[in-house]
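One structure is given here, and the rest of the page talks about it.
Since this is a predicted model, take the numbers as computed values, not measurements. Naming convention: chains lettered A, B, ... in sequence-line order (proteins, then strands); numbering from 1 in each chain.
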2 protein chains.
Amino acid sequence: MAVGNRGEKAQRQDGADDMRRIDTSSLEDILGFHLRMANVALYHDFSRAMEDLGLTQKQVAVLELIAQNEGASQIDIAATLGMDRATMMSLVNRLEDRNLVARRPSPVDRRRQQLILTGEGQEILAACRDLIAAHERKFTGRFSKEELKTFVGFLKRVYAGDSSG
Amino acid sequence: MAVGNRGEKAQRQDGADDMRRIDTSSLEDILGFHLRMANVALYHDFSRAMEDLGLTQKQVAVLELIAQNEGASQIDIAATLGMDRATMMSLVNRLEDRNLVARRPSPVDRRRQQLILTGEGQEILAACRDLIAAHERKFTGRFSKEELKTFVGFLKRVYAGDSSG
DNA sequence: TATTGTTATACTCTATAACTATA
DNA sequence: TATAGTTATAGAGTATAACAATA
């Protein structure tokens with residue numbers, strides 16, 4: 001591990017005595033590093049795509065899960081996405097403040113609140129889907145169908161059985 | 001895409017009228033979703049592993065890059081990791097407050113500050129490496145050498161050429 | 001006793017804007 | 001004009017602790 005020129009300074013691109021090109025070989029063999037770098041790249045593009053709608057990755061995921069699982073509770077969604085229930089609370093508060101989701105008491109368990117999309121929430125989600133599809137194509141277009149399937153399988157293997165909340 | 005039972009409610013695990021199992025099929029075909037889920041899983045385990053040292057993924061990456069590129073500037077490190085320079089500033093401030101890194105003026109460009117690890121920074125980084133190695137093995141152990149190579153190649157393809165800062 | 005929601009609190013990361021010093 | 005650092009400010013996610021209502 002850590003091949004490269006550890007200890008030696010990276011060559012600068014101009015004649016200055018400061019370096020510009022950063023040697024990353026010490027992180028090269030760390031899977032988590034590459035995973036985070038890929039995530040950062042996707043995050044940047046996602047944020048750019050969602051600039052007008054003002055929604056984050058997490059918010060969209062929550063909207064999508066509520067749409068597909070109408071009446072789910074905060075804690076169910078949170079567990080699915082690996083989020084804390086207090087984190088979920090503030091996220092839903094933000095969506096509720098923007099009138100995208102609503103809470104209604106569960107008829108069978110009065111501790112629980114069911115989450116539903118408002119009409120506005122459904123509209124913004126529909127707009128999201130188009131933007132996300134275009135955003136996704138920028139990256140999925142770099143892979144063949146087979147590669148993509150393998151790739152997703154690898155990613156699932158990383159997060160499979162993660163119930164660490 | 002989106003196979004599953006969209007529209008139908010997921011079956012509950014007990015007799016209650018609320019759902020517990022969340023249907024995620026609407027996110028199944030989104031590469032970014034799986035990437036984030038993998039990242040979340042890794043993040044949780046990393047945080048647990050670093051509980052005593054109190055360092056985040058980003059902080060460790062910065063320490064490692066400074067160690068390998070002694071004298072690099074904040075902006076060089078930031079660009080490498082896809083971070084904003086103001087974000088980098090506060091991150092370095094935190095590391096400096098903990099006496100893990102130090103700033104010294106560049107001898108050739110008085111706008112720049114060179115970053116170096118303190119002795120304490122070198123010590124904590126050494127401790128980090130062991131913890132991270134153990135943490136990484138939990139995940140890399142799920143892949144063959146060939147698979148891992150392919151996996152990292154895929155991840156690089158996602159973030160290759162990302163200079164969106 | 002355990003679960004769900006809730007509130008309070010705090011930290012990290014992120015990002016924009018504006019300013020200073022320097023190139 | 002552009003770059004590096006800096007400061008101020010704000011928003012979003014994360015997490016812990018504690019409490020009330022309910023199971």
Next item on the list: Mind listing the residues from residues 92-101 of chain A sitting with a heavy atom below 4.0 Å of DNA chain D? Number order is fine.
Entry: Arg94(A)
Notebook entry, point to check: For Arg137(B), what residues pass the salt bridge (Lys or Arg N to Asp or Glu O under 4.0 Å) criterion, not counting sequence neighbours?
Noted result: none
Notebook entry, point to check: Do you reckon Leu55(A) sits in the same ILVMFWY cluster as Met83(A), going by side-chain contacts under 4.5 Å, direct or chained?
Noted result: yes
Check: Is the shortest side-chain N/O distance from Thr56(A) to OP1 or OP2 of dG13(D) below 4.0 Å?
Finding: yes
Margin query: What's the separation between atom CD in Glu147(B) and atom CZ in Phe154(A), rounded to the nearest 0.5 Å?
Written below: 4.5 Å
Check: Measuring from Thr87(B):OG1 to Met89(B):CE, what's the distance to the nearest 0.5 Å?
Finding: 12.0 Å
Next item on the list: To the nearest Å, give me how far apart CD (Gln74(B)) and P (dT7(D)) are.
Entry: 10 Å
Margin query: Applying ring-ring contact (aromatic ring centres under 6.0 Å, His included) as the test, list every pair that has at least one member in residues 95-137 of chain A; sequence neighbours left out.
Written below: Phe46(A)-His135(A), His135(A)-Phe139(A)
Next item on the list: Mind telling me whether Phe33(B) and Tyr159(A) have parallel, tilted or perpendicular rings, with 30° and 60° as the class edges?
Entry: perpendicular
Notebook entry, point to check: Atom CD of Gln114(A) and atom C1' of dG5(C): how far apart are they, to the nearest Å?
Noted result: 14 Å
Note to self: Rounded to whole Å, how long is the line connecting atom CE of Met88(B) with atom C1' of dC13(C)?
What the structure shows: 13 Å
Note to self: Please confirm whether the shortest side-chain N or O distance from Gln57(B) to OP1 or OP2 of dT12(C) is below 4.0 Å.
What the structure shows: no
I'd like a table of donor-acceptor pairs (distance under 3.5 Å, sequence neighbours excluded) in which one partner is a side-chain atom from residues 116-125 of chain B, with atom names and distances.
from      : atom 1 : to        : atom 2 : distance (Å)
Thr118(B) : OG1    : Asn99(B)  : O      : 2.7
Thr118(B) : OG1    : Leu100(B) : O      : 3.2
Thr118(B) : OG1    : Glu120(B) : N      : 3.4
Thr118(B) : OG1    : Gly121(B) : N      : 2.9
Glu120(B) : OE1    : Asn99(B)  : ND2    : 3.1

Polar pairs (N or O, both sides) under 3.5 Å between protein and nucleotides 16-23 of chain C?
from    : atom 1 : to        : atom 2 : distance (Å)
dA23(C) : OP1    : Arg110(B) : N      : 3.2

Notebook entry, point to check: For the side chain of Gln113(B), counting heavy atoms from C-beta on, which of dT14(C), dC13(C), dG5(D) is nearest?
Noted result: dG5(D)
Check: Taking 4.0 angstrom as the limit, do Arg129(A) and Glu136(A) come out as a salt bridge?
Finding: no
Margin query: If I take atom CG in residue Asn39(B) and atom P in nucleotide dC13(C), what distance separates them, rounded to the nearest angstrom?
Written below: 14 Å
Next item on the list: Would you list the pairs meeting ring-ring contact (aromatic ring centres under 6.0 Å, His included) in which at least one residue belongs to residues 49-103 of chain A, sequence neighbours left out?
Entry: none
Notebook entry, point to check: Taking only N and O in the side chain of His44(B), is any of them less than 4.0 Å away from OP1 or OP2 of dT14(D)?
Noted result: no
Margin query: Regarding Ser90(B), tell me which of base, sugar-phosphate or nothing describes its non-hydrogen contacts under 4.0 Å with the strands shown.
Written below: base
Next item on the list: Please state how far atom CZ in Arg36(B) lies from atom C1' in dT14(D), giving the value in whole angstrom units.
Entry: 17 Å
Item checked: Interatomic distance where CE belongs to Met83(B) and P belongs to dG5(D) [whole Å] -> 13 Å
Checklist line | Residue whose closest nucleotide on DNA chain D lies nearer the 5' end, Gln59(A) versus Ile75(B) | finding: Ile75(B)
Notebook entry, point to check: To the nearest Å, how far apart are Ile77(B) CD1 and dT3(D) P?
Noted result: 19 Å
Item checked: Rounded interatomic separation in angstrom, taking CZ from Phe46(B) and P from dA15(D) -> 14 Å
